[in-house]
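Each ligand, and each atom within it, is numbered from 1 in the order the structure gives. FYI, side chains are in, hydrogens and waters are out, and symmetry mates aren't considered; it's all heavy atoms of this structure.
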Amino acid sequence: MSECNLISGCIFFNDKMANRPATAELLKDKYCRDKFEDCARMIIVKALGREKVPADLFPNQASRLSEIIKID
Ligand code: SF4
């Protein structure tokens, strides 16, 4: 198990977008502290760059990836 290297600047991890803290903590355990390569935000960073990550994109919203990458 390892941590995502984007943690320090990630608005999700730093609670700038969490409206349900308990759910956010579960997502942090699942993605930020474990399977960060599956995180939707990380996938956009790799594909398009950090500035292209939608502010409201949660780590578990992989279903939005094709829409985001296609539009860009
Ligand atoms: S939300 Fe994604 S990009 Fe942000 S720290 Fe967690 S795993 Fe990394």
Pair D29-R33, salt bridge (Lys or Arg N to Asp or Glu O under 4.0 Å): steps then yes or no: CA-CA 5 Å; D29 282 345; R33 301 185 184 104; 2.7 Å; yes
Which heavy atom of the protein is the closest neighbour of atom 2 (Fe) of ligand 1, given with residue, atom name and distance? C39 SG, 2.3 Å
Between C10 and atom 8 (Fe) of ligand 1, is there a contact where an N/O/S atom of the residue lies under 2.8 Å from the metal? no
Minimum heavy-atom distance K28-F13, with the two atoms named: NZ-O, 3.0 Å
Numbered in order shown, the ligand 1 atoms found under 4.0 Å of a heavy atom of P59 are 1 (S)
Within ligand 1, which atoms have a heavy atom of I7 less than 4.0 Å away? 5 (S)
Identity and distance of the protein heavy atom lying nearest atom 6 (Fe) of ligand 1: C32 SG, 2.3 Å
Going from CD1 on I43 to CG on D38, what distance comes out if it is rounded to the nearest 0.5 angstrom? 6.5 Å
Using a 4.5 Å cut-off on heavy atoms from C-beta on, say whether the side chain of S2 contacts that of F36. yes
Which is it for D56 and R64 under the side chain to side chain contact (heavy atoms under 4.5 Å, CB included) test, yes or no, and what are the steps along the way? CA-CA 11 Å; D56 64 347; R64 293 178 61 191; 3.2 Å; yes
Of all protein heavy atoms, the one nearest atom 8 (Fe) of ligand 1 is C4 SG, 2.4 Å
